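Worksheet: one structure, shown below.
As the structure lists them, so they are numbered: ligands from 1, and atoms in each ligand from 1. Everything numeric here is computed off the predicted structure, so don't read it as measured data.
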Amino acid sequence: MTTALITGSTAGIGAAFARRLAAQGHNLVLVARDTKRLAEQATELHDRHGIEAEVLAADLATEEGIAAVEQRLGDRTHPVDLLVNNAGFGNKGRYLEVSMADELTMLKVHVEAVLRLTSAATASMRSRGRGGVINVASVAAFVPRGTYGASKAWVVQFTQGAARDLSGSGVRLMALCPGFVRTEFHQRAGMGTDNIPGWMWLDADKLVASALADLARGKTVSVPDPRYKALMGVVKLTPRGLLGGMSSRTGRKYGPQ
Ligand SMILES: NC(=O)c1ccc[n+]([C@@H]2O[C@H](COP(=O)([O-])OP(=O)(O)OC[C@H]3O[C@@H](n4cnc5c(N)ncnc54)[C@H](OP(=O)(O)O)[C@@H]3O)[C@@H](O)[C@H]2O)c1
C-alpha cells in the first residue's frame with residue numbers, strides 16, 4: 001500500500017484529493033491547522049475506505065509547522081510516495097492594500113513551505129527510485145494577478161525546473177494549475193464571486209481526477225479542463241497590458257468581510 005501526504009487536506013481541492021486517493025486505497029497523512037476537522041476527516045476516510053489516515057496538525061505559515069511536515073516526509077521507515085502541496089489562501093485586497101506581514105505569510109505558505117516540503121519528499125523518493133509530487137499552483141500563474149499570481153508563478157517555474165533536474169530518477173513532479181474552483185477559498189479571503197461567470201467554475205473532484213491522470217501521463221504542468229486549456233491558449237496570444245486589466249478584475253471583487 002502506498003502513502004500520500006496532502007497539505008490543506010480538510011477543505012476544497014485538498015479534501016477532493018483525500019477522497020479520491022483514499023478510494024483508490026492509498027494510506028494518507030492529512031495536514032492542516034484545524035485539529036478537530038483533521039480528526040473527523042481521518043475517521044471518516046478510515047471508516048469508508050479501510051485505509052490508514054494519519055493526522056499531522058501543522059501551520060505551514062510557521063517554522064515549527066514546516067519543520068514538522070519535513071520531518072514526517074523524511075521518515076524513511078514510513079515513506080511517503082505522493083506529496084500534494086496544496087495548502088494555500090488568498091489575501092483580501094490588491095497590492096499595497098495588504099499588510100507586509102500578510103504578504104510574507106503568503107510567501108511562507110506558497111513558496112517556502114512548497115520548496116522545503118518538495119525537497120524533503122524528493123530527497124527520500126530519489127533514494128527509493130520512485131515517487132510523485134503535485135504542487136498546486138493556479139492559472140493565475142500565467143497572467144498579471146497581484147502577489148498571489150506571482151507566488152503561483154514561482155510554484156510553476158520551480159516545479160518545472162525540479163522535474164527536469166530529477167528526470168530519470170523515477171520521481172515525477174507536476175504543477176497543477178486550476179481555474180476557479182468552488183471551495184472555501186474565496187469566502188476565507190473575503191472575495192465576492194458574483195462577477196465570476198458560471199462557466200468558469202470547476203468541480204474539485206473532477207479537477208483532481210484530471211490531475212492524477214496527468215501525473216500518471218508524466219505531465220509537468222497540468223491545466224485541467226478544456227475551457228481553461230482554451231483560455232490559456234488565448235492568454236498566450238493576448239498583449240500583456242490588456243491581459244493585466246482583464247485578469248485583475250475577474251474574481252477580485254472584495255466583499256465586506
Ligand atoms: N479555489 C480556487 O478557485 C483555486 C484556484 C486555483 C488554485 N487554488 C489553490 O488551490 C489550493 C487549495 O485551495 P482551496 O480552494 O481548496 O482552498 P480552501 O477550500 O480554503 O482550503 C484550504 C486548505 O488549506 C488549509 N490551510 C490553509 N492555510 C494553511 C496553513 N497556514 N497551514 C496549513 N494548512 C493550511 C486549510 O485548513 P486549515 O484552515 O485547517 O489550516 C484547508 O484545508 C491553494 O493552494 C489555492 O491557492 C485554488
Ligand 1 N/O within reach of [X] N/O, cut-off under 3.5 Å:
| X | value |
| --- | --- |
| S138 | no |
| W201 | no |
| V181 | yes |

Does [X] come within less than 4.0 Å of ligand 1, judged by its heavy atoms?
| X | result |
| --- | --- |
| C177 | no |
| R188 | yes |
| D59 | yes |

In Å, rounded to the nearest 0.5 Å, how long is the span from [atom1] of [X] to [atom2] of [Y]?
| X | Y | atom1 | atom2 | value |
| --- | --- | --- | --- | --- |
| S9 | L21 | OG | CG | 11.0 Å |
| L56 | L38 | CG | CG | 8.5 Å |
| T220 | N135 | OG1 | CG | 11.5 Å |
| D59 | E64 | CG | CD | 8.5 Å |
| L207 | L202 | CG | CG | 6.0 Å |

Heavy-atom nearest neighbour in the protein, as seen from [atom], with distance rounded to 0.1 Å:
| atom | answer |
| --- | --- |
| atom 22 (C) of ligand 1 | G88 O, 4.0 Å |
| atom 35 (C) of ligand 1 | A87 CB, 3.8 Å |
| atom 37 (O) of ligand 1 | T10 OG1, 3.3 Å |
| atom 15 (O) of ligand 1 | T183 OG1, 2.6 Å |
| atom 21 (O) of ligand 1 | A11 CB, 3.6 Å |
| atom 7 (C) of ligand 1 | A137 O, 3.1 Å |
| atom 24 (O) of ligand 1 | G8 CA, 3.3 Å |
| atom 32 (N) of ligand 1 | L60 N, 2.9 Å |

Problem set entry | S127 and R76 side chains, donor-acceptor separation under 3.5 Å | yes

Exercise. Between the side chains of N85 and T118, does any donor sit under 3.5 Å from an acceptor?
Worked result: yes

Test of understanding: clusters of I, L, V, M, F, W, Y form through side-chain heavy atoms closer than 4.5 Å, transitively. Do [X] and [Y] belong to the same one?
| X | Y | value |
| --- | --- | --- |
| L117 | W154 | no |
| M174 | V114 | no |
| V156 | L231 | yes |

Identify, by atom number and element, the atoms of ligand 1 in contact range of [X], meaning under 4.0 Å from any of its heavy atoms.
| X | answer |
| --- | --- |
| G12 | 16 (O), 19 (O) |
| D34 | 40 (O) |
| A61 | 31 (N) |
| I13 | 10 (O), 16 (O), 48 (C) |
| V136 | 9 (C), 10 (O), 11 (C) |

Please classify the [X] to ligand 1 contact at 4.0 Å (heavy-atom distances, strictly less than): side chain, backbone, both or neither.
| X | result |
| --- | --- |
| S9 | backbone |
| A58 | backbone |
| H186 | side chain |
| R33 | both |
| R182 | neither |

Taking all heavy atoms of [X] and all of [Y], pick out the closest pair and write down the distance.
| X | Y | result |
| --- | --- | --- |
| A16 | D205 | CB-OD1, 3.6 Å |
| H49 | A23 | ND1-CA, 3.5 Å |
| S222 | A211 | OG-CA, 4.3 Å |

Seminar exercise, completed: Candidates F185, Y148, F180; heavy atom nearest atom 8 (N) of ligand 1 found on Y148

For this session: State plainly whether the residues D81 and R130 are in salt-bridge range, i.e. N to O under 4.0 Å.
Result: yes

